[in-house]
2 protein chains.
Amino acid sequence: MADRLRANDISPTHQRVEIARVLFERQEHFTADQILGSVNARHAEVSKATVYNTLKLFVEKKLIRELIIDPTRVVYDPNTTPHHHFYDTVSGSLTDIPADQVRVMGLPPLPPGMIADGVDIIVRTRPLNEPAMSGPTQPE
Amino acid sequence: MADRLRANDISPTHQRVEIARVLFERQEHFTADQILGSVNARHAEVSKATVYNTLKLFVEKKLIRELIIDPTRVVYDPNTTPHHHFYDTVSGSLTDIPADQVRVMGLPPLPPGMIADGVDIIVRTRPLNEPAMSGPTQPE
DNA sequence: TCCGCCGGTTAGACAGAGTCCAATACTGGC
DNA sequence: GCCAGTATTGGACTCTGTCTAACCGGCGGA
């Protein structure tokens with residue numbers, strides 16, 4: 001794991017390795033808070049500030065992606081292959097959609113002087129029986 | 001404007017009408033805070049709580065849409081025709097993309113027991129010269 | 001060995017968006 | 001005009017994320 005960080009130009013401190021371990025061993029979507037909890041679960045030793053610093057660093061170095069989907073919290077995604085998401089507006093859970101099958105056609109040209117930074121597709125879903133969507137996210 | 005609210009099953013109180021006026025007269029994207037400011041620009045007449053209550057109500061009644069694009073604040077969109085967005089990650093500005101030309105192909109079937117609630121496409125852009133963004137998402 | 005540098009970490013204060021609550025004001029139907 | 005139910009309100013509160021200033025520790029140089 002330390003090597004993986006080194007390969008991405010990140011000096012592998014103890015804390016960073018712990019955080020990377022949480023992110024990459026279980027290939028899931030995490031909030032900063034969940035990572036803070038997971039890392040400190042056994043016996044605690046990473047601060048909130050470091051978690052935020054480290055996540056920001058990992059995003060910069062493209063080890064993870066930041067997902068803006070839930071109005072209340074940012075989610076970090078250790079899967080950096082191109083993909084999109086199903087978002088269950090009731091439970092708040094995310095499911096990956098591999099991008100290689102997906103094709104988007106008919107997008108207009110970018111505004112002048114701009115270049116694309118990425119295309120995100122979010123398919124919002126809800127359980128069949130659920131009355132309707134009023135408020136997103138009801139975690140757990 | 002009162003009629004427009006009544007037509008959507010909303011009793012048109014003064015506050016709601018004021019808020020609706022801000023949203024629909026200028027056809028732009030607004031944050032809750034901007035609306036609070038706009039409505040109270042002349043002299044204070046609507047409280048923060050009411051702005052949030054009303055926006056939530058309007059979303060429920062489908063007079064406006066909620067856009068989750070910026071990590072720090074929700075944006076409300078008075079344009080309810082199907083459309084997507086360019087998002088300038090540097091300036092934060094949003095531009096509409098009419099949906100009628102856009103076609104998405106190859107999406108996998110929904111997870112079992114789920115129905116789609118909508119598909120959002122966000123094309124993140126940045127100015128040509130801008131040194132790259134530390135911010136959101138980097139697919140493709 | 002000792003020293004000083006410097007990147008990394010930290011606690012806790014802080015900021016901003018949004019929610020909650022209990023009291024009060026208003027609206028609409030009669 | 002009265003009343004019941006609905007809407008509004010200020011203010012306290014929560015939560016996520018940021019900032020700051022102190023501190024820690026590894027490493028190179030003398």
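Here is the naming used below: chain letters follow the sequence lines, and residue numbers restart at 1 for every chain.
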Asker: Taking the six-membered ring of Tyr76(A), is the NZ or CZ of Arg65(A) close enough (under 6.0 Å from the centre) and on axis enough (within 45°)?
Answerer: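 Cation-pi check for Arg65(A) and Tyr76(A): fails.
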Asker: Between which nucleotides of DNA chain D, read 5' to 3', does contact with chain B run, using atoms under 4.0 Å from its heavy atoms?
Answerer: dA7(D) to dA12(D)
Asker: Write down the atom of Leu23(A), the atom of Phe58(A), and the distance for their closest heavy-atom approach.
Answerer: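 Distance-wise, the nearest heavy atoms are CD1-CD2, 3.8 Å.
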Asker: Any chance you could measure Ile68(B), atom CD1, to Thr89(A), atom OG1, to the nearest 0.5 Å?
Answerer: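 Those atoms lie 11.0 Å apart.
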Asker: Determine the minimum heavy-atom distance between Arg6(B) and Asp3(B), stating which atoms define it.
Answerer: NH1-OD1, 2.7 Å
Asker: Looking at residues 2-21 of chain A, who's got a heavy atom less than 4.0 Å off DNA chain C?
Answerer: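 Hits under 4.0 Å, by residue number: Ser11(A), Thr13(A), Gln15(A), Arg16(A).
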Asker: I'd like to know if Arg126(A) pairs up with Asp88(A) as an ion pair, taking the criterion as any Lys NZ or Arg NE/NH1/NH2 lying under 4.0 Å from an Asp or Glu carboxylate oxygen.
Answerer: no
Asker: Could you check whether Asp120(A) pairs with Arg124(B) (Lys NZ or Arg NE/NH1/NH2 to Asp/Glu carboxylate O, under 4.0 Å)?
Answerer: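 Result for this pair is yes, salt bridge flagged.
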Asker: At their closest point, which heavy atom of Val46(A) faces which heavy atom of Gln15(A), and how far apart are they?
Answerer: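 Smallest interatomic distance, heavy atoms only, reads CG2-CG, 3.7 Å.
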Asker: With a 4.5 Å cut-off on side-chain heavy-atom distances among I, L, V, M, F, W and Y, is there a chain of contacts connecting Val39(B) to Tyr52(B)?
Answerer: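 Each belongs to a different hydrophobic cluster.
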Asker: Could you pull out the closest heavy-atom pair between Ser38(B) and Arg26(B), with the gap in Å?
Answerer: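 Nearest pair, atom of Ser38(B) first, then Arg26(B): OG-NH1, 3.9 Å.
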Asker: Can you see which heavy atom on Phe86(B) is nearest to which on Pro109(A), and at what distance?
Answerer: CZ-O, 3.8 Å
Asker: Return no unless some side-chain N or O of Thr50(A) is found under 4.0 Å from OP1 or OP2 of dT9(C).
Answerer: no
Asker: I'd like to compare against my own output: the B/S/- annotation of nucleotides 13-19 of chain C with a strict under-4.0 Å heavy-atom distance to protein.
Answerer: B---SBB
